[in-house]
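Worksheet: the structure to be examined is printed underneath.
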Amino acid sequence: QVELVESGGGSVQAGGSLRLSCTVSGFTDSRYCMGWFRQAPGKEPEGAAFLDNGGITSYPASVKGRFTISRDNVKNILYLQMNSLKPEDTAMYHCAVRGFPSWQTSCPEVPSDYKYWGQGTQVTVSS
């Protein structure tokens, strides 16, 4: 049974930082994609950061240079370091994981392509 549990959300002022954590258990695929998605009230979910088993990362333009995704392979924890936070970063943040078939060249960035999800952690950035 795969389980993802996020933590680390909270309220910060604009310009501040937060580090989100996602503890992953029960997922044993050696090839994988892991991602952070976020959803603000009234908006569609969007990808915030992605990481594959080879260490390749990708970010949308809205967070590039401010967010960093990483993984502790020993502890099976996925992180999202968020710096220079803006009010528009306010959202519920979810981690997600899926297998990464060998025929795929990059991690998908569409929420519906991810099979396993955490419950989410709220991030609120005030101006």
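Position 1 is the first residue of the sequence; numbering continues from there. Computation of the quantities below employed the complete heavy-atom set of this structure, encompassing side-chain atoms and omitting hydrogens, waters and symmetry-equivalent molecules.
- Residues L20 and V24 fall within the same hydrophobic cluster, defined by Ile, Leu, Val, Met, Phe, Trp and Tyr side chains chained together at heavy-atom separations under 4.5 Å.
- Salt bridge annotation for D89-R66: present, with a cationic side-chain nitrogen under 4.0 angstrom from a carboxylate oxygen.
- Under the 4.5 Å side-chain criterion, counting only non-hydrogen atoms from C-beta, I69 is in contact with Y59.
- To the nearest 0.5 Å, atoms CD (Q81) and OG (S70) are separated by 8.0 Å.
- Side chains of P111 and W117 form a contact here, defined as non-hydrogen atoms less than 4.5 Å apart.
- When the side chains of ILVMFWY residues are joined at heavy-atom separations under 4.5 Å, either directly or via intervening members, Y93 and L18 end up in a single hydrophobic cluster.
- Panel note: side chain T121, backbone G9; a donor-acceptor pair is recorded below 3.5 Å.
- Residues V97 and L4 have side chains in contact (heavy-atom distance under 4.5 Å, counting atoms from C-beta outward).
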### Query
Step by step, would you call R71 with N76 a side chain to side chain contact (heavy atoms under 4.5 Å, CB included)?
CA-CA 7 Å; R71 185 189 184 201; N76 284 331; 2.8 Å; yes
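- Side-chain atoms of S21 never come within 3.5 Å of backbone atoms of S7 as a donor-acceptor pair (strictly under, hydrogens ignored).
- V123 and M92 sit in two unconnected hydrophobic clusters of ILVMFWY residues. Membership requires side-chain heavy atoms under 4.5 Å apart, directly or through other members.
- Residues Y114 and F37 bring their aromatic ring centres within 6.0 Å.
- In this structure, Q122 CD and S11 OG are separated by 7.5 Å, a value rounded to the nearest 0.5 Å.
- Counting heavy atoms from C-beta outward, R19 and Y79 have side chains that approach closer than 4.5 Å.
- In terms of heavy atoms, P60 sits closest to A49 at CD-N, 4.4 Å.
- Of the inter-residue distances, the one linking S127 atom OG with Q13 atom CD reads 9.0 Å to the nearest 0.5 angstrom.
- Formation of a donor-acceptor pair under 3.5 Å by the W36 side chain with backbone atoms of C22 is not found in this model.
- The side-chain heavy atoms of E6 and H94, taken from C-beta on, include a pair separated by under 4.5 Å.
- Taking a cutoff of 4.0 Å between a charged side-chain nitrogen and a carboxylate oxygen, D52 and R31 do not qualify as a salt bridge.
- The side-chain heavy atoms of L51 and L78, taken from C-beta on, include a pair separated by under 4.5 Å.
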### Message
Would R38 and V63 count as a side chain to side chain contact (heavy atoms under 4.5 Å, CB included) here? Give the steps.
### Response
CA-CA 12 Å; R38 63 185 185 179; V63 308; 3.8 Å; yes
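- Under the 4.5 Å side-chain criterion, counting only non-hydrogen atoms from C-beta, F67 is in contact with L80.
- Closest approach of K115 and R98 over heavy atoms only: N-CB, 4.2 Å.
- Side chain of Q39 to backbone of K43: a donor-acceptor contact under 3.5 angstrom is found.
- Between S126 and P87, the shortest heavy-atom contact is C-CG, 4.5 Å.
- Using a distance-only test at 3.5 Å, with no hydrogens or angles considered, a donor-acceptor pair links the side chain of N53 to the main chain of Y32.
- Using a 4.5 Å heavy-atom threshold, the side chains of V5 and Q119 count as separate.
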